[in-house]
Amino acid sequence: MSLLPSAGRLVCPFLLLLLSLFLFSAASQATIQYSISLEHPEQHLFHITMTIPDVTGELTVQMAAWNALYQIRDFSAHVQDVSASATVEKTDKQTWRVRGNGTIMVRYATYWDEVGPFGTQLNGEHAFINPAMILLYIPGRRSEPVSVSMNEMPPDWRIQSDAMLAIDFSGNVQTFRVLSPSYDALADSPIEVGKFQQFDLGGVSPRITVVVHGDKWRKKQIEEELKRICEYEIKLMEGAPFEHYTFILHIGRGAGGGGMEHSYSTAIGVPSDEYLSGVAAHEFFHLWNVKRIRPATLEPVDYTKEQYTRALWFAEGVTNTYGSFTLVRNGIWSKDRFYEDLGQQITELESRPANRWQSAEQSSLDAWLEKYQLYNQPDYSVSYYTKGQVLGDLLDILIRDRTNNARSLDDVLRAMNKDFAKQGKFYRDSLDVRLEAEKVAGVSFEEFFQKYVAGIEPFPYQQVLGFAGLELRTTKQSRATLGFAGEREPSGVFIVRAVDTDGLAAQAGLRVGDAILTWNRGEVPRRPSRWVIDQKPGDSLALRVRREDKEFSLEFRLGEIKETAYEVLEDSHATDNARRIREGLLRGETSAAVHR
């Protein structure tokens, strides 16, 4: 939690001094200390000194190969000029062996200028840090307490993190110190440094702080929407699992896209504040689903290699389900917007040929292939976000139908929170999700999970939606297409791998092998195949391209593909029971709630 005084609040200097002395006394006992210099931020280089006490003979230090995203990104590729006060030798792409005794200092620099909540960035405007991307760790000492000091910062910058903060007043250079009980806790605590704006959500308990880096955003709208989202989800899950929570928001062109959940915070990047509520509703619900209601296959975290799980359809996809539930149940979305979103998810799912052979569990297992653009094409994969969201909606309706609307998926999430999260236990992927659903509903869901979660049978849309007084209709619609596909190289550069010879991109001059440097004068989307879903045929796309040693600009219009679209509508002939289920789904209510 932040111990920095907020604007306009007077803090007794004597008390602040005592607080600083206490915190730095605690910091001095930390086993491992990191000192990070932010001098010359325009160079994008973090200069880091890692101080390691109690070394006897030899130890190993490593840089994580992955963090946040389920992608091997090899953060050590950004590291340069490693040295130590003892003998140091690199043994593989992410590991160094250090020989010596006593207290040893390891020094290195790491270059980062990657926007978005999944990246790390240092520039003249701010620093955003995912600690696992820049800080070496000792494999056998991850559980020991650590401290991080930020040094040589621009004088008008400040710092915010969900880790404990204190101010060091010694010397003439502004220094901040972050304290954490372990490396793993620190890795889960993003840090924002710069000239951001900060405020607390009024009337929300426990305390929730919002930090905004960007421009052209509306404080009143952000505050109102986040308050409604947080209050609803805390009530839904019968209490908050935190004393203080932080939203780190990057808003504006070049802010990146999406959000990343953490145990006591989230980092979100959106082009404007109108996109915030959808991301925030998803990320805040991760406080429970995935951060605490957590599959055993993701524990303990192994930073060195892929960590396979079949549960992302639930951990991410059903979190999407609750993002949409939250928005419609607190009035940010109308019920028609909710139906529209569900129809879009079904359309996306059914338009992908891979849906015929890739199950929700296999999609989860294959998450580590998402960094390859070919894998993201419709013939090669379906999204566990999309498939999981639709499964969540169908499962909620089935539970309501089989219990006469006395129970719902809400009860399953609360039961998993009670039986696993609050007991410090991890669940066994889809098996425990099914068993908890059966315990809540009092009926078997084995066939449902075999057919639609582990299996690839077509979803029973009409039947299940009918239980909630809804129907699914098909229409013909057109959607935008890029006319090319590509993938990111380890360096982060997006390379064109295929071009539709009859498409508008090819006519504009785009070729296989071209490196795309900018996209509509901003960053290349993390997943262009998903970016295009939100565009319209005929929209303009401007690219800055490098071919061999030359750079040039291309501009063309997006192409068009005709496809079947799905619409979710209310059935005017629905039974009274189906209408009750529909209203229960939309409002988050059950008949059992009346009798509690």
Side-chain angles (χ1 to χ4, degrees), residues 62-76 92-95 118 130 132-133 137 139 142 183-184 187-188 258 260-263 282 286 288-320 349 352 354-377 379-392 416 420-421 424-436 449-456 487-488 490 526-527 530:
Q62 287 183 327
M63 182 64 76
W66 73 278
N67 181 249
L69 294 175
Y70 299 111
Q71 295 179 9
I72 298 297
R73 293 189 283 165
D74 291 324
F75 305 138
S76 61
D92 63 36
K93 65 178 181 179
Q94 62 198 41
T95 308
F118 320 105
N130 276 302
M133 300 177 74
Y137 66 93
R142 279 167 42 184
Y183 176 86
D184 288 349
D188 195 31
M260 187 63 226
E261 71 276 0
H262 300 278
S263 292
H282 175 100
H286 269 317
W288 297 274
N289 198 22
V290 94
K291 296 310 296 185
R292 290 167 177 82
I293 303 171
R294 190 163 177 82
T297 40
L298 292 180
E299 287 292 329
V301 175
D302 186 340
Y303 297 110
T304 67
K305 63 180 187 295
E306 295 90 344
Q307 203 154 354
Y308 296 103
T309 178
R310 297 180 186 273
L312 294 183
W313 72 269
F314 183 79
E316 294 288 354
V318 172
T319 298
N320 257 8
L349 190 59
R352 300 181 76 88
N355 188 42
R356 296 193 297 268
W357 57 264
Q358 189 179 50
S359 69
E361 288 191 337
Q362 185 180 337
S363 177
S364 303
L365 198 68
D366 289 341
W368 298 89
L369 298 175
E370 289 182 332
K371 69 178 182 179
Y372 303 109
Q373 291 300 317
L374 181 64
Y375 173 79
N376 289 303
Q377 299 305 305
D379 289 325
Y380 293 89
S381 68
V382 295
S383 168
Y384 48 82
Y385 285 91
T386 305
K387 205 158 192 173
Q389 178 176 345
V390 176
L391 281 168
M416 294 190 73
F420 293 98
K425 298 177 182 178
F426 307 111
Y427 68 89
R428 297 168 294 175
D429 288 11
S430 301
L431 173 61
D432 278 326
V433 177
R434 174 173 68 82
L435 293 176
E436 291 288 308
F449 274 72
Q450 284 180 346
K451 286 183 175 181
Y452 311 120
V453 177
I456 55 173
E487 64 183 4
R488 289 188 186 275
R526 188 165 63 91
R527 294 177 184 168
R530 292 188 181 177

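Note that this is a predicted model, so its numbers are computed, not measured.
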Name all residues meeting the side-chain contact (heavy atoms from CB on, under 4.5 Å) criterion together with [X]; count only those two or more places apart in sequence or in a different chain, and write none if there are none.
X: Q450; result: E446
X: D432; result: F420, Y427, R428, L435
X: T386; result: Q345, E348, L349, S383

Residues that [X] engages under salt bridge (Lys or Arg N to Asp or Glu O under 4.0 Å), provided they are two or more places apart:
X: D429; result: none
X: R142; result: D184
X: E436; result: K439
X: K371; result: none

Counterpart residues, side chain to side chain donor-acceptor pair (under 3.5 Å), relative to [X] (two or more places apart):
X: Q358; answer: D366, Y375
X: N320; answer: H282, Q389
X: Q94; answer: none
X: T319; answer: N289

Taking all atoms of both residues into account, what is the closest heavy-atom pair of [X] and [Y], and its distance?
X: D188; Y: S263; answer: OD2-OG, 2.6 Å
X: A187; Y: Y303; answer: CB-OH, 3.7 Å
X: A315; Y: H286; answer: O-CE1, 3.2 Å
X: S430; Y: V453; answer: OG-CG1, 3.7 Å
X: S381; Y: A354; answer: N-CB, 3.2 Å

For the ring pair Y384 and Y70, is the centre-to-centre distance below 6.0 Å?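 No, the ring centres sit 6.0 Å or more apart.
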The test is side chain to side chain donor-acceptor pair (under 3.5 Å); show your working for T304 and Q62 and say whether it passes. CA-CA 9 Å; T304 67; Q62 287 183 327; 5.9 Å; no
Please check: side-chain N/O of [X] versus main-chain N/O of [Y], any donor-acceptor pairing under 3.5 Å?
X: T309; Y: T297; value: no
X: N376; Y: E370; value: yes
X: N67; Y: A132; value: no
X: S363; Y: V382; value: yes
X: R294; Y: G424; value: no

After noting the C-alpha distance and the side-chain angles of Q362 and W357, does the key distance pass the side chain to side chain contact (heavy atoms under 4.5 Å, CB included) rule? CA-CA 9 Å; Q362 185 180 337; W357 57 264; 3.7 Å; yes
Using 0.5 Å steps for rounding, measure from the [atom1] atom of [X] to the [atom2] atom of [Y].
X: F314; Y: I293; atom1: CZ; atom2: CD1; value: 6.5 Å
X: Y380; Y: L374; atom1: OH; atom2: CG; value: 4.5 Å
X: Y372; Y: E487; atom1: OH; atom2: CD; value: 8.0 Å

Classify the ring geometry of W313 against F449: parallel below 30°, tilted from 30° to 60°, perpendicular beyond 60°.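 Answer is perpendicular, since the angle exceeds 60°.
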Hey, does W368 have a side-chain heavy atom less than 4.5 Å from the side chain of I72?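 When only atoms from C-beta onward are counted, W368 and I72 do touch, with a gap below 4.5 Å.
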Non-hydrogen side-chain atoms of F118 and Q71 separated by less than 4.5 Å: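 They are not in side-chain contact.
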Please, which pairs that meet salt bridge (Lys or Arg N to Asp or Glu O under 4.0 Å) have at least one residue in residues 303-320, sequence neighbours excluded?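 Matches after skipping sequence neighbours: D302-K305.
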Applying side chain to side chain contact (heavy atoms under 4.5 Å, CB included) to R356 and I456, what does each step give before you reach the verdict? CA-CA 6 Å; R356 296 193 297 268; I456 55 173; over 6 Å; no
Does K291 pair with E261 as a salt bridge, N-O distance under 4.0 Å?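 No salt bridge links K291 with E261.
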